[in-house]
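These figures come from a predicted structure and were not determined experimentally. Throughout, protein chains are lettered first and strands after them, A, B, ... in sequence-line order, and every chain is numbered starting at 1. Keep in mind that the numbers below use all heavy atoms, side chains included, and drop hydrogens, waters and symmetry copies.
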Amino acid sequence: MNQNSRPNRDLSRRQLLRYSGIGVAAAAGSSFLVACGGDDDSGGGGGGGGQQGSGGTLIHGATGGGSKDTLDPHAPVTNPDIARVSNLYEPLLFWNNTYELEPALAESVEGSKDAKTWTIKMRQGVTFHNGKDVTADDAWFSIQRVSNPKAPLSAGGQLSTILDFEASKVVDPTTLQLVLKVPYALLDSLLAEYTLGIIPTDFDIANPVGTGAFAYKSFDPGKTSTFTKYADYWGDAAFVDELQIQDFSDDSAKVNALQAGQIQTVDNLPYNLIDTIEGSGGGALVSETGAWVPFTMRVDSAPFSDVRVRQAMRLIVDRQQMIDQTLSGYGTLGNDMYAPFDVAYASDLPQREQDIDQAKSLLAAAGQEGLQVELFTGDDIGSVAPAAANLFVEQAKAAGVDVKVTKKTPFYDDQYLSYPFAQDFWNTRNYIPQAVVGTFPPDQGGTYNETHWDNQQHRDLVNQAAQELDATKRADLLHQAQEIEYDEGGLIIWGFRQQVDGYGANVQGLEPSRYLPLGSYKFNKVSVS
Amino acid sequence: MTDAATLLTDPLEEIAPPRRQHGAAAWAVWIARRLGLALLTLWLVSILVFLATAALGDPVRAILGRDYNANPGRVAELEALLHSDESLVSRYFDWLSGLLHGDLGTSLATGLPVSDLIKDSVINSAMLVFLAALVMIPLAFAIAMISVHYRRKRPDTVIQTILLAMAGLPEFVIGVLLLALFSTTVFHIFPAVTITSPTGHPWDNWKVMVLPTLTLVLWVTPYVSRIVRSSLLEVIDSEYVELARLKGIPEKVVMRKHALLNAIVPGIQVIALQLAFLAGGVVVVETLFAYPGMGLELVDAVRNHDVQVVQALSMIIASVYVVVNLIADILSILLTPRARTAISS
């Protein structure tokens with residue numbers, strides 16, 4: 001999720017308190033990957049191949065939700081909210097299953113050489129559920145709605161600061177021209193978030209219309225919502241006639257319903273129940289994500305102000321053991337760099353592995369033998385965090401480092417962002433937006449710079465890349481930026497979580513997606529037999 | 001509720017001493033007194049509920065979290081809804097007068113009237129408890145009578161052992177076992193959860209109700225049955241039953257007319273306690289079966305810091321306690337000749 005930054009992040013932090021750990025971190029907006037590595041039968045998703053029949057009802061069991069559930073296209077918070085908006089509304093571009101941009105309601109989004117003027121060509125022949133044609137006016141209306149500078153919604157955080165509202169204009173019914181105050185080469189990725197669905201200029205939340213494969217039928221917050229197949233959908237029309245999204249506040253109720261055949265899909269299947277579901281004929285859909293729970297070391301405070309100490313700590317971690325024990329094996333290795341799905345991800349840098357001897361010698365060189373540190377953690381980071389913290393204590397012992405874990409309730413209080421050594425959680429993003437929000441000084445957009453990283457050279461590279469339209473040049477700049485973080489950064493990124501969702505025996509067509517659970521909730525591709 | 005018997009009060013002790021009044025008037029006074037006491041109880045409960053929810057801290061801060069400082073408009077909006085500028089006492093009386101007028105206020109989380117929000121779930125829970133009672137009462141009495149019939153013989157021992165074992169099981173264990181047996185693992189006869197149809201009630205599909213009801217029934221029947229059995233035994237061993245037998249009255253009539261009627265009073269008391277308990281205690285069962293009732297609503301409201309909804313639901317649960325116990329007391333009096341005459345003479 002690119003610039004979904006602040007509002008959504010805050011909410012997700014709060015949500016975490018409410019629902020069982022990891023599930024929601026994912027929901028709050030991000031991405032998950034393909035791979036189907038984890039499970040034998042997840043290849044091809046829920047039996048993705050084979051004949052798919054039409055008709056029937058698909059009931060999706062969504063984790064969480066409550067009386068605050070909403071149908072607002074631009075303010076989804078909970079899992080059921082996200083599932084709903086993903087089927088009712090559509091953005092101008094899609095993040096596809098491999099986390100790349102592809103055209104949706106826009107046929108093309110092209111930037112000028114200076115990355116300041118962007119021309120959006122609307123797809124022809126797309127209609128809203130009420131039959132009205134989708135025009136550039138609707139797109140401009142929707143963009144303005146999320147990026148109101150006074151109260152930007154989650155998709156509009158970045159847009160509201162860079163858009164020149166006066167100069168941007170609707171050229172003709174199929175062309176929208178966005179003008180920026182500053183060059184920004186990633187504008188297209190901002191337009192692809194599920195939180196920026198295009199709605200008509202006369203949108204009414206009481207009878208919400210969008211362009212998605214399913215049209216609104218009924219909505220009972222905290223309980224259930226129903227949708228009917230939109231026959232005039234511009235893409236692949238849905239297989240099922242009706243879609244129902246049912247809220248579940250309890251994990252075991254959700255899994256029982258799946259086993260009993262009352263529902264066909266669930267998001268965020270608990271790891272310990274995967275075998276149960278597979279035993280009853282269903283399956284687990286395993287998707288990789290770019291979501292991570294790092295250890296954060298403040299680079300401006302002793303002992304971590306010494307880069308040798310930071311590198312030693314990174315060498316202490318047994319990454320595979322972290323994944324095996326805290327994620328039940330459902331994870332991929334991290335290499336102290338984030339944004340693994342970014343085309344510019346520096347995958348050529350050597351994988352860092354546990355090396356106690358070198359860690360010891362680095363610590364000795366830094367005069368920090370027998371180092372004692374306090375590690376702050378909390379349940380509100382997610383259930384993974386305390387488990388990882390306790391495991392780190394064990395791993396650090398081998399290098400003679402004495403780690404004392406302090407569990408805070410809540411972790412996200414006034415002291416958050418000033419802990420010398422702590423943890424945090426992040427969802428999938430590409431490199432530039434993540435670098436800005438996580439490693440820039442607060443006055444330059446670094447709202448959650450846990451490590452107090454302040455590196456002018458790194459910042460210049462990122463800023464330069466953000467204005468560079470040439471993909472090769474951009475990748476080169478970002479590679480240099482990542483090298484700096486790989487060598488000196490304050491983050492220990494040991495792994496990325498895999499998303500696990502469940503489906504029943506009679507479900508076909510699900511494919512793993514890096515973006516959102518259950519193949520980005522694209523239920524039009526799912527059939528039920 | 002492990003030891004319901006000790007909680008039972010003897011209705012005979014609570015009656016006013018005989019007064020020199022005639023039947024109807026004496027009854028009216030007695031009922032008025034009981035009603036007055038019930039209202040007093042509810043009023044005390046309302047103070048407790050209000051203070052408890054007020055003591056939870058500033059709900060606006062809790063709802064908005066980090067946005068508290070960033071979003072003064074929303075803060076003002078919520079504070080207006082809560083009347084936070086007024087004193088605690090005046091807020092209490094505003095709320096109380098609203099309650100008395102049937103106005104439960106506006107939900108903070110959703111902005112909807114509380115009564116609209118909770119209406120369905122209250123009805124759903126009431127239906128669940130009603131069905132459970134409908135099955136549980138005859139069942140408990142039947143088991144007790146069978147048990148007494150075979151007392152101190154093997155069938156009685158077996159029944160008592162089973163009841164005791166079941167009484168020791170928490171409701172979610174019963175629910176999970178039933179789910180595994182009838183819904184997910186062994187058989188697939190009944191649905192595991194309630195998939196609410198957007199327009200109808202959960203019981204539109206009767207099968208949905210079976211497992212939740214059964215869980216409640218299996219959970220409370222052992223207590224009721226054991227209490228009824230022990231009071232039946234006490235009666236059966238009494239001299240007047242012995243005398244009835246000696247007079248040659250058939251055993252069936254002895255059981256029905258002499259024993260059961262006299263043993264029914266403790267039964268009514270324990271049933272009332274259990275029903276009242278169920279009204280507030282269905283949370284776990286509702287969560288397990290995703291049944292859209294009061295319990296789920298209450299949990300959601302607490303999570304959302306939706307003060308008004310919490311207050312309204314707490315008051316409803318308290319009222320159920322009071323009303324059910326009141327009815328039980330009246331029934332007990334009516335069924336106890338000694339008490340009846342004590343009042344009207």
Quiz item: Strictly by modelled atom types, are B:Thr53 and B:Gln311 linked by a side-chain donor-acceptor pair under 3.5 Å?
Solution: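 Present: a donor and an acceptor within the cut-off.
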Self-check item: Part of A:Ile263 within contact of chain B (heavy atom distance under 4.5 Å)
Solution: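 Side chain only.
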Self-check item: Region of A:Ser280 in contact with chain B, defined by heavy-atom distances below 4.5 Å
Solution: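 For A:Ser280, neither part sits under 4.5 Å from chain B.
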Does any heavy atom of chain A fall under 4.5 Å from the side chain of [X], the backbone, both, or neither of them?
{"X": "B:Ser107", "value": "neither"}
{"X": "B:Leu296", "value": "side chain"}
{"X": "B:Ile195", "value": "both"}

Proximity of [X] and [Y] rings by center, below 6.0 Å:
{"X": "B:Tyr291", "Y": "B:Trp203", "answer": "no"}
{"X": "A:Phe411", "Y": "A:Tyr419", "answer": "yes"}
{"X": "A:His129", "Y": "A:Tyr216", "answer": "no"}

Exercise. Start with the C-alpha gap between A:Asp69 and A:Arg84, add the side-chain angles, then the distance that decides, and say whether salt bridge (charged side-chain N to carboxylate O under 4.0 Å, His left out) holds.
Key: CA-CA 10 Å; A:Asp69 278 6; A:Arg84 273 188 289 268; 3.1 Å; yes
